[in-house]
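In what follows, a structure is listed as structure tokens, so that the remarks can point back to it.
Each chain gets a letter, A, B and so on, in the order the sequences are listed, and its residues count up from 1.
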Amino acid sequence: MNELNIKADSVADNRTAVPSVVIRFAGDSGDGIQITGSRFTDTTALAGNDLATFPDFPAEIRAPVGTTFGVSAFQINFGARSIETHGDEPDVLVALNPAALMVNIARLRKGGSIIVDTGSFNARNLKKAGYETNPLEDGSLDGYKILEVDVSKNVLEAVKEFGLSQKEGLRCKNFWVLGLVYWIYGRDRKDTIDWLRAKFAKRPDIADANIAALNAGHIFGEAAELSDSVGLFSVGKAEMKPGLYRTVTGGEALAWGLVAGSQLAGLEAFFGSYPITPASPILHSLAKLKQFGVKTFQAEDEIAAICSAIGASYAGALGITSSSGPGIALKGEAIGLAISTELPLVIVNSQRAGPSTGLPTKTEQSDLYQSVYGRNGDAPLVVLAAHGPSDCFEVAIEACRLATKYMTPVMLLTDGYIGNAAEPWLIPTIADREPFTVEQRTDPEGYEPFNRNPETLARPWAVPGTPGLEHRIGGIEKADGSGHISYEPANHQTMTDLRRNKILGIARDIPEQKPEQGESTGKLAVIGWGSTYGPISRAVSNKLKEGKSVAQIHLRHLWPLPANLGDLLKGYDTVIVPEMNDGQLKTVLRDQYLIDARPVTKVTGQPFKITEIEDAIDFALEN
Amino acid sequence: MNELNIKADSVADNRTAVPSVVIRFAGDSGDGIQITGSRFTDTTALAGNDLATFPDFPAEIRAPVGTTFGVSAFQINFGARSIETHGDEPDVLVALNPAALMVNIARLRKGGSIIVDTGSFNARNLKKAGYETNPLEDGSLDGYKILEVDVSKNVLEAVKEFGLSQKEGLRCKNFWVLGLVYWIYGRDRKDTIDWLRAKFAKRPDIADANIAALNAGHIFGEAAELSDSVGLFSVGKAEMKPGLYRTVTGGEALAWGLVAGSQLAGLEAFFGSYPITPASPILHSLAKLKQFGVKTFQAEDEIAAICSAIGASYAGALGITSSSGPGIALKGEAIGLAISTELPLVIVNSQRAGPSTGLPTKTEQSDLYQSVYGRNGDAPLVVLAAHGPSDCFEVAIEACRLATKYMTPVMLLTDGYIGNAAEPWLIPTIADREPFTVEQRTDPEGYEPFNRNPETLARPWAVPGTPGLEHRIGGIEKADGSGHISYEPANHQTMTDLRRNKILGIARDIPEQKPEQGESTGKLAVIGWGSTYGPISRAVSNKLKEGKSVAQIHLRHLWPLPANLGDLLKGYDTVIVPEMNDGQLKTVLRDQYLIDARPVTKVTGQPFKITEIEDAIDFALEN
Amino acid sequence: MNVAVPTQKLKPNDFASDQEVRWCPGCGDYAILKAVQRTLPDLDVAKEKYVFVSGIGCSSRFPYYMSTYGFHTIHGRAPAFATGIKITNPDLDVWLVTGDGDGFSIGGNHMLHVLRRNVDMQILLCNNEIYGLTKGQYSPTSGEGLRTPSSPTGSVDSPLKPLVFALGSGARFVARGYDTQKNLPDVFKRAHAHKGTSLVEILQNCIVYNDAVFDDVLARDVAADKQIHVEHGKPLIFGTDKNKGIRMNTKTLTLEVVTVGENGITEEDILVHDETNKALATMLAEMDGPDLPVALGVLYCNPSATYEQAVESQMAEAKAKSSAPSLDALLREGHTWEL
Amino acid sequence: MNVAVPTQKLKPNDFASDQEVRWCPGCGDYAILKAVQRTLPDLDVAKEKYVFVSGIGCSSRFPYYMSTYGFHTIHGRAPAFATGIKITNPDLDVWLVTGDGDGFSIGGNHMLHVLRRNVDMQILLCNNEIYGLTKGQYSPTSGEGLRTPSSPTGSVDSPLKPLVFALGSGARFVARGYDTQKNLPDVFKRAHAHKGTSLVEILQNCIVYNDAVFDDVLARDVAADKQIHVEHGKPLIFGTDKNKGIRMNTKTLTLEVVTVGENGITEEDILVHDETNKALATMLAEMDGPDLPVALGVLYCNPSATYEQAVESQMAEAKAKSSAPSLDALLREGHTWEL
Ligand SMILES: Cc1ncc(C[n+]2csc(CCOP(=O)(O)OP(=O)(O)O)c2C)c(N)n1
Ligand SMILES: Cc1ncc(C[n+]2csc(CCOP(=O)(O)OP(=O)(O)O)c2C)c(N)n1
Ligand code: SF4
Ligand code: SF4
Ligand SMILES: [Mg+2]
Ligand SMILES: [Mg+2]
């Protein structure tokens, strides 16, 4: 290997500088598309771009090769400016087989570039993808810039010295393409090569073959006259806060945030869960963190999962449970018990498209109703939402803080999109954070299980094993103070009021709501929550640049709502609420503030496009 | 027995005619209070009064004798005018032991009458009830009219000829008291005597003893100079629609309504349930109706119960399930499946006080949120509520109609109060009703599982066993039309829209909302749902009599709401929403109509008092 | 007019739906699907009577691939749906397909109760000892110590034996087979012939997340010595040389493997399989090495009244008692009065 | 400062809470409560370590009547709460009180899994073969044909045998007693001594809804002949004259009752109880007349590693590997870059 080859390519004179690029890698599930994507992500991050990614898995575990439902894709938006979404429309589509082209072509920007592996465009694959004629030949791709390469052949050529089987050899296709794409954007291969060496430490032949493929793709790019077809580009460094960065997915950030939160609370974390898409990665991440005193328990079902977590909180740990929509539905009864017994609990809901089983691998925000209202009885709890991968970390800490300070369940909403998407993250330092150490009760003097802290209205947390504090709790209504079973009519009213007021009082303990962008009054507020942050943010900033009177308000605290939110919203002539559901936050806002919050909904299992929000803004401003 | 004795007592000259009376019978669980109440109810109904009753059981199955938590009570409000509630404040309290007095005295109208069994006011019972001094002696009952009788002694005297044990003899106490109360209100004993003869056909000695006790109580009344203490009264006949009447509890009416509904739909009914207070009586009623083709299945839990019912609907029956709050919470996930597969299903929720286990024997309306919003995903269904015992029958039929016509789950809300309360019921004739026979699909020509009726948007119901219609359904998103699994983004939006619009379209198929009382516009609308009907109705009519500009609106259809409701409500300056919860319907109304609907809430496990609603009306009109 | 096609004229392929099968290439579920499709034509059931019910999991996608009626329900609850279906229409021929997670993790309670009630249906358990659909977490049947994404340092759960559990729950028919077993249709036919709940555990290879987990039993070279195919009335003999047998050690009350011809052991000493003996079935179901072979075939078949028939006869009785039941008459029963 | 009171100095009454007991007068639960209160003082456990967990039902009110820590949870889920409690703090002494409905109807799945996992706790099953709290519907252990408000023409469910189910689920300790049994505390002590999940089924009389349902076994005049009190290492002998015994019929592989001294039967023929033998325990647990007596005492005790200890040792190992784990360091692991 030539030392020179792996250095960053200096910006060639014939490179066009662009502020941002969206690339979509697509191929068969077996083509290693997700690995390609994450390698490209790391390299791009190292190059100083801001970025956002969107892995788009097939619903099937491993669908038959070549089928449209077996196509796996990875989209990345990276730029020399701040990046909020994975991009509405790819500028470049890499299609490693006909099915990948079939499924993804409609997304591509008009005039965008396509890189195809002609080696896979044989009759059999074309048929499997549903093509009657070869799109590379029938003119249907006119208007796009196409780079046709027989990647398969090139790869086999590049790796033949390593004595791999044909099958193993073809597995290097993705790195060949990656090398080519690196050349197009002038990217350094070193990081990828290091990664390959580490990854295949035990199979140096595989490592070498992939590295050879990577280099061969790169060399191919150098040799080919790409400026005529897909072009050569440079994307400068983005202005980002200085510091140490890593990329992080929402799932990882959430898991780490939960550990951080429990450490700041001075508690052991207990995580009871049952696998479900797309929530499982949190279980997987936490299962690896035993050294931090995190106990994970894979329960027999979601009900046992939450009940074990409530038991853990009762026994003095920070109980956490996690699931997705259908599993959260199963937890409703037990959530009521945690509310009634006033035990801390964090419930993570990685939302997916519903109703029922719905589209398990597709994203949605349709569990807000279920979160705020979905239980028997008057059963208030705290609802928080993370707005992006790294934000999961902060929101998880906030969930731990509120759950323990107020002795309450907290529903933490994230979704399939956030969970799998990755973004660069300025790594925080937990050691510098103010702990919110929980004081569990030990003094028997004057102890009553439902005697409250007058300020927070939280009851004391008295943990089994503590001498002198023996007491009984349960889901039957409890007498204010003593906690004994009470059928007293007035007491039930008192307790209902207390439970409600305790939660509403949290509004005093959370930041005032401020617009993310735009003025605090004006013509239009676009209010969102959760993973719509990216497209809303970009759309509003685009519209602000056009001089429109529009502001972005994004909620982290969904229940209770920030104390000033009503007043803030009343400062705008119009309020629109983009949501990936049929209009759920809008119900909460209209109920609470009697403002004509107008729903902008999208229920396709896909995130909003920036243009969709822009259109909604224009429409709202005009109507 | 003297023939003359059992004739109706003619209205004595010294009887005071009163328009209505509220009596509360109270005693130990073992005293037969509920039987006394139901006998008094039947006799009162026969006498031509309108009436409403409220059985108030202890939470414990059989608490130790003499304790306050073992007190059982039965309240009846009867009158010569229409009766809407069981009465705010009893005029008469019958207290068979000190605990019964202790628990109930606070409810009694100031200046009301008390009948006590002095035989039970011994030191032991006083202590068990928590009395330090004897209330009959310490002046604490000053201001009430008290009739002190040693009922125990009198009863034993009356029944001694039948050779019963002392214990058996004392069991006749309740009939002795009943005889006395019959005398006070000039009531006929014949019906009670017939009932005793039938009930104890195999134990004529017991029947005779109870009849003797009944007569002895009556004679005691005749002999005693009651006009000086509790007084003698007459309550004339109420004006009621002519016809054949019976008394009915909400539980019975609901069960019969479900059978009627399935007959009108031309289907067999399948009822899958798991016992829970206060829903179990519906299971018990239906289990006795096998001759009508009703299959009841006591499942292992609530989840299995609803799943079996969905399976039954899939197989062509009308699937019904029933539970109370915590059990309904468990059904959330499966409800989503019924919504997604668009199968008919009736879900009966007999609400009780929550959250969590709450107060199982106490009433509440706090599951409206759970009904309308409580599932994962965008998952709309129909929500109906019954407003009183006999209304349960009508609403059950409506639930069957909508479920089958629109292929949708219907949530039918009732509550512990309605379920156990009884009222006279003009018996309807099912044979005269218009059937809404369901047509299940048999023709394979052009059949697609999700091809809809263009008017109702209902999909065809194709039942296993039908040749040529074999198809697969499930909870994953289905392609519009074919019903095949579809991950197509646009299709998910289409299907979400269709599911929503199908339900919203039902608004065209339900009656326009009209005020129950008062004008269609005005100063104040009092809007309610469910079992608050009685007190709201009486309160509004009282206020209308005072000349106030107030109207009563009572919802049967909670989702979708009647098409004209928004316009109707906007015709009033102020709208208040009395609910036995922390303000749930008010959320729906504010969201839907952006009107400042103001909550009037009560969460004590007890129904509203008329005066409480009156106060709320006055407050709303003044503020 | 619909004319029912007599199933006898149908071929296995007639039971394949028009949906592309979407299991991973090499998944054991393919073979099970084929075995079912080979079974149905031989049963005397009209095609429209078949209903396939499932929960959620890879294996639970099964109904989509059958051209019969099918209901892909929710995770773990298939037995409850199937119970409602069968009670509603006892004429239907109900097949339930489930996985080790679907049937014995979240669904354990419904499994217990359907077996106890003995509702007539066939339950096919595709046991791959893993959660396939959710990408490879350990399941209740996974071996102790199995490393998976949710048990990176090894599972500490002790595995459930589905058939032992079933017998403990009151099952009246339990059998075991494996995905690629030639005569799997015969096992299915026995299950079908049994009136009541029939549970068939099928050892199923998940090539992606738990590949070769049954190799110590199913691999060609060990099969003869690690499997025993039980048959009612036949001695429990196995082994490459057909000379190993299962004996009851009456001292320890345990089963043990002996070799006929060694240490004075004769065929007489070998237990004869009695599929109506629950204690024996339980002991056979428990066997899973290292010394004892895994039992395949029908371990237990001891029919008893089915649930839906009991329901039917109570209905019939009630109807017989009141020949023309009228709801209007019912409402008028008891205490009424005319105003 | 809190000073732990050594439990040894405590009396049964010290374990009674200040809440009035609210079961029906004559309910068998009273006797069970007393038996527990008589047991605890003899155990070497500090009072504050006891945690009583229950679901919903009459029997599940139990924790309120104990002066220990107590958690009255929701219907059927107590095993899951108890599991969370015990994993979180293995030092606690966890007792779970449940009913036949709570534990085996809605709660069957959690029961299965807690037994399978072998989480250290004592489970006291108050089996009254009825749903008491909801006023008398039949339960999964109710006899077939039982008429109740939900089965007016008789239940058609075949009853579950909780101990057989438990053994099928992998339980390592099962025992049986009855409410008013004198030596019930001894059974509880054995359960407590067993590390792992210990299930004790207690035949409990519900005087209101299922009175005398166990009379055919427990009534004084039949007790000696209808009960067998099993003891490890002792022959399975019972009867008024102590001459009846349980024999294994090696032909039919079933248990049978024989009379010592009749037909050439000697004590030699009688089985000796081996509480570590699962097959025997299963057969003993199955016995419930008419010919065979009901087995009382410890049917099975065969300890194995407990779940929470396995969790602890994995934790300890992980901690040993990274002596001072730092979250900040973790976040900086892998691929990072400085801007
Ligand atoms: C209520 C609910 N919880 C969890 C899931 C996620 N889930 C789907 S299938 C499955 C386990 C599948 O395992 P198994 O039944 O063994 O089937 P296999 O995929 O191995 O065939 C899980 C946990 C779900 N779909 N629904
Ligand atoms: C989710 C839920 N479903 C149903 C109930 C109603 N319920 C309470 S206890 C019980 C059964 C009690 O039976 P068992 O466990 O045998 O206890 P017992 O009262 O007989 O001691 C039922 C069905 C409930 N409380 N919660
Ligand atoms: S993941 Fe395993 S069980 Fe699922 S389809 Fe693939 S091979 Fe089969
Ligand atoms: S109902 Fe039965 S089990 Fe419940 S307290 Fe009364 S006697 Fe005991
Ligand atoms: Mg599996
Ligand atoms: Mg019970």
Straight-line distance of B:Ile303 CD1 to C:Arg77 CZ, nearest 0.5 Å: 4.0 Å
Do [X] and [Y] have side chains that approach each other closer than 4.5 Å (heavy atoms only, starting at C-beta)?
X	Y	answer
C:Leu112	B:Glu300	no
B:Leu469	C:Glu48	no
C:Met315	B:Lys295	yes

Distance-only, no hydrogens or angles: does the C:Asn89 side chain make a donor-acceptor pair with backbone N or O of B:Gly316 under 3.5 Å? no
Judged by atom type as modelled, is there a donor-acceptor pair below 3.5 Å linking the side chain of B:Arg246 to the main-chain atoms of C:Trp337? no
Considering only heavy atoms and a distance below 4.5 Å, find which of B:Ala462, B:Pro428, B:Gly319 pairs most often with chain C. B:Pro428
Counting heavy-atom pairs under 4.5 Å with chain C, the top scorer among B:Trp256, B:Phe393, B:Phe270, B:Tyr314 is B:Tyr314
Neighbourhood of chain B inside residues 97-105 of chain C, taking heavy atoms under 4.5 Å as contact: none
Does anything in residues 55-74 of chain C reach chain B? List residues with heavy atoms under 4.5 Å apart, or say none. C:Arg61, C:Pro63, C:Tyr64, C:Met66, C:Ser67, C:Thr68, C:Tyr69, C:Gly70, C:Phe71, C:His72, C:Thr73, C:Ile74
Hey, are C:Ser54 and B:Arg472 close enough side-chain-wise for a donor-acceptor pair under 3.5 Å? no
Do C:His113 and B:Asp301 have side-chain atoms, one donor and one acceptor, less than 3.5 Å apart? no
Structural part of [X] lying under 4.5 Å from a heavy atom of chain B:
X	result
C:Arg117	side chain
C:Glu333	backbone
C:Asp91	neither

Just to verify, what does C:Glu20 make a side-chain contact (heavy atoms from CB on, under 4.5 Å) with, not counting sequence neighbours? A:Thr67, A:Phe69
B:Ala315: what forms a side-chain contact (heavy atoms from CB on, under 4.5 Å) with it, not counting sequence neighbours? C:Ile85, C:Thr88, C:Leu92
B:Gln263 versus chain C, heavy atoms under 4.5 Å apart: side chain, backbone, both or neither? side chain
So, the part of B:Val294 with a heavy atom under 4.5 Å from chain C: the answer is backbone
